[in-house]
Q: 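Here you go, one structure.
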Amino acid sequence: MAGTLKSVLGKSKINLSKKKFAIVVAEWNEEITESLFLGAYDALISLGAKKSNIIRKNVPGSFELPLASLWMAEKKEVDAVIALGCVIQGDTPHFDYICQAVALGIMEINLSTRKPVAFGVLTTLDKKQALARAGGKLGNKGEEAAITVVKMLEI
Ligand code: RBF
């Protein structure tokens with residue numbers, strides 16, 4: 001697990017005020033992805049990032065996250081990217097195709113750009129499971145994605 005914000009606060013080995021972050025947010029299941037965004041944004045600020053160093057970009061759905069994340073990671077000034085989305089299983093196999101494509105796409109960007117790109121995409125069976133992980137009783141996976149890129153920048 002990435003750890004809670006409390007467990008990493010004050011322990012950062014790098015000065016985050018000089019780091020630039022891009023947060024890419026999918027608009028599908030907007031209620032959920034907005035909570036993920038707030039979790040990620042607030043975590044970066046709490047860890048010392050500057051508001052002016054956080055860029056937000058929206059994409060239509062999670063399938064578009066890898067390309068937009070690549071565009072962001074390719075920018076010289078961007079140090080890390082957080083990709084946020086929520087894919088909820090429906091009645092067709094679309095779920096599997098989207099989840100796999102996005103996971104592989106994000107991993108590829110990590111390796112090809114050598115910059116941390118967090119996979120903050122919920123892949124759940126229903127909306128209840130998603131809400132529990134977007135600021136509900138199981139925490140906020142957006143916050144965890146932010147903690148993850150910060151930890152990767154420290155390595
Ligand atoms: N995008 C999501 O981010 N979450 C979803 O749950 C989701 N479900 C979809 C279900 C179907 C049947 C289709 C066609 C698209 C879905 N998308 C979803 C949108 C997808 O990520 C992408 O934006 C579109 O397929 C256009 O490339």
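When a residue number appears, it is its place in the shown sequence, counting from 1. Counting starts at 1 for both ligands and their atoms, in listed order.
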Q: Please determine if E31 and K127 form a salt bridge, counting it only when a charged side-chain N lies under 4.0 Å from a carboxylate O.
A: yes

Q: For atom 5 (C) of ligand 1, find the nearest protein heavy atom and state the residue, atom name and distance (0.1 Å precision).
A: W28 CE3, 3.3 Å

Q: Can you tell which of I109, L104, L111 makes a side chain to side chain contact (heavy atoms under 4.5 Å, CB included) with M107?
A: L111

Q: Looking only at protein heavy atoms, which one is nearest to atom 13 (C) of ligand 1, and what is the separation?
A: H94 CD2, 3.7 Å

Q: Which is it for I98 and ligand 1 at heavy atoms under 4.0 Å: side chain, backbone, both or neither?
A: side chain

Q: Mind checking whether I54 and I23 have side chains closer than 4.5 Å, heavy atoms only?
A: yes

Q: With a 4.0 Å cut-off on N to O distance, would you call E154 and K151 a salt bridge?
A: no

Q: Output the list of atoms in ligand 1 that are nearer than 4.0 Å to some heavy atom of N29, sorted by atom number.
A: 4 (N), 5 (C), 6 (O)

Q: Using a strict cut-off of 4.0 Å, indicate which atoms of ligand 1 neighbour a heavy atom of F63.
A: 20 (C), 21 (O), 22 (C), 27 (O)

Q: Check whether any side-chain heavy atom of K57 sits under 4.5 Å from a side-chain heavy atom of V25, and report yes or no.
A: no

Q: Name the closest protein heavy atom to atom 3 (O) of ligand 1, giving the residue it belongs to and the distance to 0.1 Å.
A: S62 OG, 2.7 Å

Q: What protein heavy atom lies closest to atom 27 (O) of ligand 1? Include the residue and the distance to one decimal.
A: E64 OE2, 2.5 Å

Q: Between Y41 and R56, is there a cation-pi geometry (under 6.0 Å to ring centre, at most 45° from the normal)?
A: no

Q: Quick one: which ligand 1 atoms are inside 4.0 Å of a heavy atom on I88?
A: 6 (O)

Q: Got more than 12 heavy atoms from elsewhere within 6.0 Å of CD, E27?
A: yes

Q: From atom 4 (N) of ligand 1, work out which of G61, C86, C99 has a heavy atom at the shortest distance.
A: C86

Q: Show which atoms of ligand 1 fall inside a sub-4.0 Å distance from at least one heavy-atom site of V87.
A: 4 (N), 5 (C), 6 (O)

